[in-house]
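We name chains A, B, ... by the order of the sequence lines, and we start the count at 1 in each one. Everything numeric here is computed off the predicted structure, so don't read it as measured data. The basis for the numbers below is simple: all heavy atoms, side chains too, and nothing from hydrogens, waters or symmetry mates.
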Number of protein chains: 2
Amino acid sequence: MAPRTACFLVIGNEILSGRTRDANIQVLAHALNGRGIRLMEVRVIPDIPDHIISTVNDCRARFDLLFTSGGIGPTHDDITAACVAEAFGVPLTCHEDSFRQLEALFPAGEFNKARQRMAWLPEGATPIRNSVSTAPGFSLGNVHVMAGVPRIFQAMIDWLAPRLEAGTPLTSTSWYAHDIYEGDLAETLTAIQHDFPMLDIGSYPFEDGQKRGVALVAKGYDAEAVTRAGETLKRLFHELGFTPVEGDPPRTP
Amino acid sequence: MAPRTACFLVIGNEILSGRTRDANIQVLAHALNGRGIRLMEVRVIPDIPDHIISTVNDCRARFDLLFTSGGIGPTHDDITAACVAEAFGVPLTCHEDSFRQLEALFPAGEFNKARQRMAWLPEGATPIRNSVSTAPGFSLGNVHVMAGVPRIFQAMIDWLAPRLEAGTPLTSTSWYAHDIYEGDLAETLTAIQHDFPMLDIGSYPFEDGQKRGVALVAKGYDAEAVTRAGETLKRLFHELGFTPVEGDPPRTP
């Protein structure tokens, strides 16, 4: 079982304009980690058809799985389904099941043309169900199209993740200490990375209110090596005269 | 004066693993908006040399400006400077000014090899100064390399933004109302977008505690048209029997 790779395409002018801060990358990353799937790239792109179509085709070819968020509502700027259809070279067709479900949800007279449009999916797509909304997420090939609104995105990935074929689980261990600088441990860390070529040894400076420090993370698909590397990182802090704490450092907001 | 385009490359395993939530996209977007520069794409990629080099070369060719964050500290996983040098086909050389400044900052004996490495920049690069750190940001051609730590990133962009050639300012106006659904106004909105082809008319559902609603945004490089479109969006809410409020809706955390 090999690690599986994924890419996340955030379709949203509102992120690029700075109007909204992304909340979905972290949610997706955690859900994929739990399935042994590695998020390898995120792209945030604007609501421009050519930009969406070419990016979908580039990324679905380069990664095992492609997830998208945004642009699946009923308004004119919701063009993701049409763009994914175009990328796959298939027509948009009315998905009968989804049409009937949407129809049942709206009072008579309110299931207008714009809302009916949400039932049009690329030919061959299967819906992604979720517990909180009628938003029409769908899967087509290795592409999974989800909503941008964080609560709906979360509900969709909760439904979808257990249905994705799992890869090798990624394990990691993390130790941190205060009042140390990266430059104090950089040379030893290079040697540790050399001793564990199968792992990623990462070093992350952090700030915790007025205090700063460094977190060291060992991560990889060989759980036994991760445990040994964690012990080595802990010992490195000790040897330099700092107090290692297990886990991730507290965050400043 | 035409709109200028920018791309932001976030180099960071810690974002892709879900360990850290990005805080820099919004800061960069706001700084660029203020200079009439449009952020067109963001990519988050891992600390893998080939991935960084090919993405730098792809993005610096496709956009007027490329900004990067992350990977410029003293540790073995800080490989951004070397990758940018490789992308441009130039060697890393010791930047004498930066070397002397770094040397002066550390007590005797603490300016070790790892720290000296921070003074090595791609040939032809000029440093990006900042008020809070010795982190060695730099500019080379249309590529601007900055730190990943949010406080340092902010200080670097504060220094850099006023020095970037300005484009046409983007203006926008925003109105929102509670208790309305996108599907209620989608058809009229399509007509409004049709009347203002030079603008982006966007529709954004939001949740504000227990209340939900929709925000409508008109945005573009024609300030007079933005003002007229704003009046039209306000009138649309009124005509449907909702109370429009100017600005962005309050956020749930």
(message) For the OH atom on B:Y181, are there more than 12 heavy atoms of other groups (residues, nucleotides or ligands in this structure) within a distance under 6.0 Å?
(response) no

(message) Looking only at heavy atoms and a cut-off of under 4.5 Å, which of B:G73, B:C7, B:A23 has the most pairs with chain A?
(response) B:A23

(request) Side chain from CB out, backbone as N, CA, C, O: work out which of these in B:S174 comes under 4.5 Å of a heavy atom of chain A, or both, or neither. (result) side chain

(request) Quick one: which of A:H30, A:R43, A:M40, A:K219 has the most heavy-atom pairs under 4.5 Å with chain B, could you say? (result) A:R43

(request) For the residue pair B:D184 and A:R115, establish whether any side-chain heavy-atom pair is separated by less than 4.5 Å. (result) yes

(request) Please state whether the side chain, the backbone, both or neither of B:I48 comes within less than 4.5 Å of a heavy atom of chain A. (result) side chain

(request) Please confirm whether the backbone N or O of A:T20 pairs with a side-chain atom of A:E14, one donor and one acceptor, at under 3.5 Å? (result) no

(message) Is the distance from the ring center of B:F111 to that of B:F99 below 6.0 Å?
(response) yes

(message) Let's test your reading of the structure: which of B:A6, B:P46, B:S203, B:P205 forms the most heavy-atom pairs below 4.5 Å with chain A?
(response) B:S203

(message) Please classify the contact between A:V217 and chain B as side chain, backbone, both or neither, with a heavy-atom cut-off of under 4.5 Å.
(response) side chain

(message) For the interface with chain A, which of B:K113, B:E41, B:E110 has the highest count of heavy-atom pairs at distances below 4.5 Å?
(response) B:E41

(request) Decide if the gap between the ring center of A:F63 and the ring center of A:F8 is smaller than 6.0 angstrom. (result) no

(request) Find the one option among B:A215, B:G12, B:A29 whose heavy-atom pairs under 4.5 Å with chain A are most numerous. (result) B:A29

(message) Centroid separation under 6.0 Å, is that true for the rings of A:H178 and A:F206?
(response) yes

(message) At a 4.5 Å cut-off on heavy atoms, which part of B:I201 comes close to chain A: side chain, backbone, both, or neither?
(response) both

(request) Answer yes or no: is there a side-chain heavy-atom contact under 4.5 Å between B:F67 and B:C59? (result) no

(message) Please rank B:E182, B:M118, B:H76 by heavy-atom pairs under 4.5 Å with chain A and give me the top one.
(response) B:H76

(request) Mind ranking A:L185, A:V44, A:L39, A:D200 by heavy-atom pairs under 4.5 Å with chain B and telling me who comes out on top? (result) A:V44

(request) Name the region of B:N13, side chain, backbone, both or neither, that has any atom closer than 4.5 Å to a heavy atom of chain A. (result) both

(message) Tell me which of these, A:G202, A:S172, A:G183, A:P150, has more heavy-atom pairs under 4.5 Å with chain B than the rest.
(response) A:G183

(message) Please identify, among B:I25, B:N112, B:V149, the residue contributing the most non-hydrogen atom pairs under 4.5 Å to chain A.
(response) B:N112

(request) State, without any angle test, whether A:T55 and A:D58 hold a side-chain donor-acceptor pair at a distance under 3.5 Å. (result) no

(message) Once rounded to the nearest 0.5 Å, what's the spacing between atom CD1 of A:I180 and atom CG of A:L240?
(response) 5.0 Å

(request) Name the region of A:I15, side chain, backbone, both or neither, that has any atom closer than 4.5 Å to a heavy atom of chain B. (result) both

(request) Would you mind reporting whether A:N24 and A:V10 have side-chain heavy atoms less than 4.5 Å apart? (result) no

(message) Among A:D47, A:L189, A:V42, which residue has the highest count of heavy-atom pairs closer than 4.5 Å to chain B?
(response) A:V42

(message) With a 3.5 Å distance limit and no angle check, can you tell me whether A:E246 reaches the backbone of A:W175 through a side-chain donor-acceptor pair?
(response) no

(message) With a 4.5 angstrom heavy-atom cut-off, is it the side chain or the backbone of B:R117 that approaches chain A, or both, or neither?
(response) neither

